[in-house]
Number of protein chains: 4
Amino acid sequence: MDKVQAIFKSTLRLIHQFGFHGTPMSQIAKHADVAIGTIYHYFESKDELIFALFKYCKKEVAEYIFKDDSIEKEFKERFFALWLNFVRFYIDNPEYLSFLDQFYSSPYLQQALTNETICGQDHVSAFLHEGVNAGAVKNLDTNILSVVFIGTAVSTVKRHLHSLHQFDKKSLNHIIEVIWDGIKK
Amino acid sequence: MDKVQAIFKSTLRLIHQFGFHGTPMSQIAKHADVAIGTIYHYFESKDELIFALFKYCKKEVAEYIFKDDSIEKEFKERFFALWLNFVRFYIDNPEYLSFLDQFYSSPYLQQALTNETICGQDHVSAFLHEGVNAGAVKNLDTNILSVVFIGTAVSTVKRHLHSLHQFDKKSLNHIIEVIWDGIKK
Amino acid sequence: MDKVQAIFKSTLRLIHQFGFHGTPMSQIAKHADVAIGTIYHYFESKDELIFALFKYCKKEVAEYIFKDDSIEKEFKERFFALWLNFVRFYIDNPEYLSFLDQFYSSPYLQQALTNETICGQDHVSAFLHEGVNAGAVKNLDTNILSVVFIGTAVSTVKRHLHSLHQFDKKSLNHIIEVIWDGIKK
Amino acid sequence: MDKVQAIFKSTLRLIHQFGFHGTPMSQIAKHADVAIGTIYHYFESKDELIFALFKYCKKEVAEYIFKDDSIEKEFKERFFALWLNFVRFYIDNPEYLSFLDQFYSSPYLQQALTNETICGQDHVSAFLHEGVNAGAVKNLDTNILSVVFIGTAVSTVKRHLHSLHQFDKKSLNHIIEVIWDGIKK
DNA sequence: CATGAATGAGGATTCATTCAT
DNA sequence: GATGAATGAATCCTCATTCAT
């Protein structure tokens with residue numbers, strides 16, 4: 001639906017810019033160029049909208065990260081590509097990180113944390129598990145590998161976005177190499 | 001000041017539990033056992049309170065992390081200890097991570113990001129730089145080393161707190177070893 | 001708009017009775033039989049409401065004062081009629097004088113004083129100027145004539161409303177005659 | 001008392017600048033360079049302070065207006081001098097007019113209006129009555145004469161202060177002459 | 001006399017939500 | 001489907017006043 005898309009984009013942009021408690025429904029409606037009533041036509045409440053947006057974001061992120069992945073390729077190559085895609089997506093779409101971050105660090109998370117996946121981390125976990133099975137990486141708990149993969153990626157993006165440091169391609173490769181050195185068999 | 005302390009603690013607890021826009025000043029006052037007016041006696045506005053709390057948290061965190069550190073010790077040992085302290089502090093004081101995380105992922109950050117330090121990361125950066133100079137770790141940009149150190153630590157704590165995985169001492173050591181393997185010379 | 005009218009009337013009455021800082025929005029809403037939110041739907045803030053009410057009052061006053069005026073009539077007759085209308089309106093609608101007076105004697109005035117007209121005084125000025133041109137009154141600066149016309153009228157109304165003295169028709173005519181004696185050619 | 005004077009002056013200045021509901025006790029205290037408690041040492045409440053200030057202002061005004069008056073002089077001369085003093089005082093001390101005006105146009109007035117005099121009008125009334133007895137002015141009700149005297153004077157000052165028109169000595173004389181023409185025998 | 005930290009009732013304003021059109 | 005006027009509970013903040021020092 002066109003209007004739903006507009007509502008999502010509007011919400012994403014406003015939350016990025018003004019935060020959760022800085023983006024009232026009225027503004028979301030205005031920037032999406034729809035009436036307030038229209039939002040309530042598609043979403044039961046503001047919370048429902050937030051949760052729906054959460055799912056939407058997760059899906060978008062996952063699709064991008066794994067867009068060129070293939071079991072055919074060598075694991076190391078896939079590992080590098082995935083990590084870079086992860087970083088690339090959020091650097092290019094900071095409003096996604098902004099929103100997901102605020103979502104994660106808010107009480108919303110507890111409601112979303114059922115068996116639901118978070119931010120494509122499960123896909124990533126599965127991928128890392130493959131690496132263990134294939135004998136490409138050390139036989140470590142997937143949680144540990146996830147922590148290393150996602151933790152460094154998220155940290156890198158934030159450092160970049162907060163303008164603390166602009167990482168170039170070479171720098172990014174240095175980081176992956178460090179991680180890879182740490183987990184490779 | 002006793003009342004200021006009480007206000008800080010109250011705010012921290014409530015934001016941890018209910019989030020930024022779930023903790024009204026009235027509740028902060030009630031849980032700190034002071035009148036609303038008293039908060040405004042010490043802080044110009046809710047925002048000012050948040051900023052002051054931010055500084056307070058940063059200081060507390062930094063003090064804890066570096067509490068046993070000493071130049072005398074071997075770098076690897078210090079590295080392990082610091083990383084564990086970092087993780088330990090936030091696991092034991094989840095309301096600090098909760099608050100800082102919400103702070104960082106909100107528009108507040110931009111106002112706090114002058115040349116101000118963030119979350120003791122600079123101290124960490126300085127520490128990592130020492131490692132490079134001492135020839136203990138690879139000659140990498142401090143930003144890269146910081147990303148690896150802090151990214152994994154934060155990610156570990158979150159995974160732990162979100163109940164996705166309870167890391168025991170052994171697991172934590174596995175993680176540090178992976179990182180150390182990646183950055184050691 | 002019906003609701004806006006109700007809000008205006010309610011505000012006027014309450015300010016007359018309790019003064020500016022004695023009439024909260026909640027009371028205005030209650031007496032206008034609308035929700036507080038409705039007021040904010042039509043006016044950005046309490047100040048905006050006050051300014052809008054100011055314009056509304058000015059218009060009402062001017063309309064009443066000049067309701068029967070006509071260039072056809074003799075100037076003296078018009079002069080007497082206008083002055084009496086002025087006094088009559090405020091005596092019959094003391095809440096208008098109350099509000100306008102409080103408005104004028106507050107810092108609001110400075111914000112309203114651009115090239116905006118005040119209280120229909122300009123129409124009065126124009127009228128008095130006609131008198132000069134027609135050779136009916138002395139060739140005095142319009143400001144002087146205005147001061148005499150409005151000053152005496154306002155003072156009369158206040159003295160009447162403050163119950164210091166109840167002016168009857170005859171008394172009022174005495175006053176106009178004094179003024180007329182002073183300015184006639 | 002020095003502190004009381006300071007409190008009066010501070011209140012007068014702030015009310016002139018920010019209006020009644022723009023001048024909190026805290027500001028009055030700060031600008032008077034005393035503690036809040038000190039104000040409550042001298043005045044039971046804010047209302048008491050306002051009433052005391054009202055009396056103070058009235059006294060100051062009356063003293064200035066009649067400072068050079070003398071029964072020896074000719075009535076016309078006295079009339080001119082008084083009217084000019086009245087105008088002069090308020091033009092030179094706009095904060096007095098500001099305060100008194102806000103006082104008169106607020107519900108405070110009703111509480112002050114017992115048999116109390118207002119703004120030296122009674123002295124003025126008495127003076128005008130002398131004029132009637134002396135056969136200098138028409139045999140009109142004192143209320144009428146007062147309206148003409150005070151109404152024109154106040155209106156002149158306001159017009160001057162609101163920067164609508166800067167009256168010079170000659171203009172002011174024109175006004176008094178008009179009034180005098182109207183009331184003289 | 002003088003202070004100012006502490007209080008909390010009260011006021012302006014916001015904003016998620018409803019519902020008649 | 002779509003609208004947006006209307007609602008009022010909830011929030012931030014102010015400020016007159018008190019009282020222990």
Side-chain angles (χ1 to χ4, degrees), chain A residues 1-4 7 20-30 32-50, chain B residues 1-4 7 20-30 32-50, chain C residues 1-4 7 20-30 32-50, chain D residues 1-4 7 20-30 32-50:
Chain A
M1 192 60 187
D2 212 37
K3 304 226 166 182
V4 167
I7 292 166
F20 263 0
H21 64 281
T23 74
M25 292 295 261
S26 58
Q27 284 300 303
I28 294 175
K30 180 179 288 180
D33 212 35
V34 299
I36 286 192
T38 306
I39 299 182
Y40 283 90
H41 210 77
Y42 293 104
F43 307 98
E44 285 235 319
S45 66
K46 191 178 184 183
D47 277 14
E48 283 301 312
L49 165 59
I50 298 296
Chain B
M1 191 62 189
D2 214 37
K3 305 230 166 183
V4 168
I7 292 165
F20 263 179
H21 66 282
T23 76
M25 293 298 259
S26 57
Q27 285 300 303
I28 294 176
K30 180 176 288 179
D33 210 35
V34 299
I36 285 193
T38 305
I39 301 183
Y40 285 92
H41 193 76
Y42 292 104
F43 306 98
E44 288 231 320
S45 65
K46 194 177 184 183
D47 277 15
E48 283 301 314
L49 167 57
I50 298 297
Chain C
M1 192 61 190
D2 214 37
K3 304 229 166 182
V4 167
I7 292 166
F20 264 180
H21 67 283
T23 74
M25 292 297 260
S26 57
Q27 286 300 305
I28 294 175
K30 181 177 289 177
D33 209 37
V34 299
I36 285 194
T38 304
I39 300 182
Y40 284 92
H41 193 78
Y42 292 104
F43 307 98
E44 288 229 320
S45 65
K46 194 178 183 182
D47 277 14
E48 284 300 314
L49 166 59
I50 298 297
Chain D
M1 190 61 188
D2 213 36
K3 303 225 167 184
V4 167
I7 292 165
F20 263 179
H21 65 283
T23 75
M25 292 295 262
S26 57
Q27 285 301 304
I28 294 175
K30 180 178 287 177
D33 212 36
V34 300
I36 285 192
T38 306
I39 299 182
Y40 283 90
H41 211 76
Y42 293 103
F43 307 98
E44 287 234 319
S45 67
K46 192 178 185 183
D47 277 14
E48 283 301 312
L49 166 57
I50 297 297

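Every chain is numbered from 1 and lettered A, B, ... according to where its sequence line falls, protein lines coming before strand lines. Fair warning: this is a prediction, and the values are worked out from it, not measured in the lab.
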Would you mind reading off the distance between [X] atom [atom1] and [N] atom [atom2], rounded to a whole angstrom?
{"X": "A/M25", "N": "E/dA16", "atom1": "CE", "atom2": "C1'", "answer": "7 Å"}
{"X": "C/D33", "N": "F/dA6", "atom1": "CG", "atom2": "C1'", "answer": "13 Å"}
{"X": "D/I28", "N": "E/dG4", "atom1": "CD1", "atom2": "P", "answer": "17 Å"}
{"X": "D/F43", "N": "F/dA16", "atom1": "CZ", "atom2": "P", "answer": "15 Å"}
{"X": "C/F20", "N": "F/dT14", "atom1": "CZ", "atom2": "P", "answer": "21 Å"}
{"X": "D/D47", "N": "F/dT17", "atom1": "CG", "atom2": "P", "answer": "7 Å"}
{"X": "B/H21", "N": "E/dT14", "atom1": "NE2", "atom2": "P", "answer": "17 Å"}
{"X": "D/Q27", "N": "F/dA16", "atom1": "CD", "atom2": "P", "answer": "10 Å"}

**Request:** Quick one: sort the B/H21 and A/F20 rings into parallel, tilted or perpendicular, breaks at 30° and 60°.
**Result:** perpendicular
**Request:** Look at A/T38 and F/dT3 and indicate whether a side-chain polar atom (N or O) is within less than 4.0 Å of OP1 or OP2.
**Result:** yes
**Item:** 5' precedence on DNA chain E between B/I39 and C/E44 (nearest-nucleotide basis)
**Value:** B/I39
**Asked** Given that C/Y40 and D/H41 both sit by DNA chain E, which one's nearest nucleotide is further toward the 5' end?
**Response** D/H41
**Item:** Nucleotide nearest C/K3 when distance is taken to its side chain, options E/dA2, E/dG8, F/dA6
**Value:** F/dA6
**Item:** Whole-Å C1' distance, F/dT21 and E/dC1
**Value:** 13 Å
**Message:** Taking the side chain as everything from C-beta on, heavy atoms only, tell me whether A/H41 gets closer than 4.5 Å to A/V34.
**Reply:** no
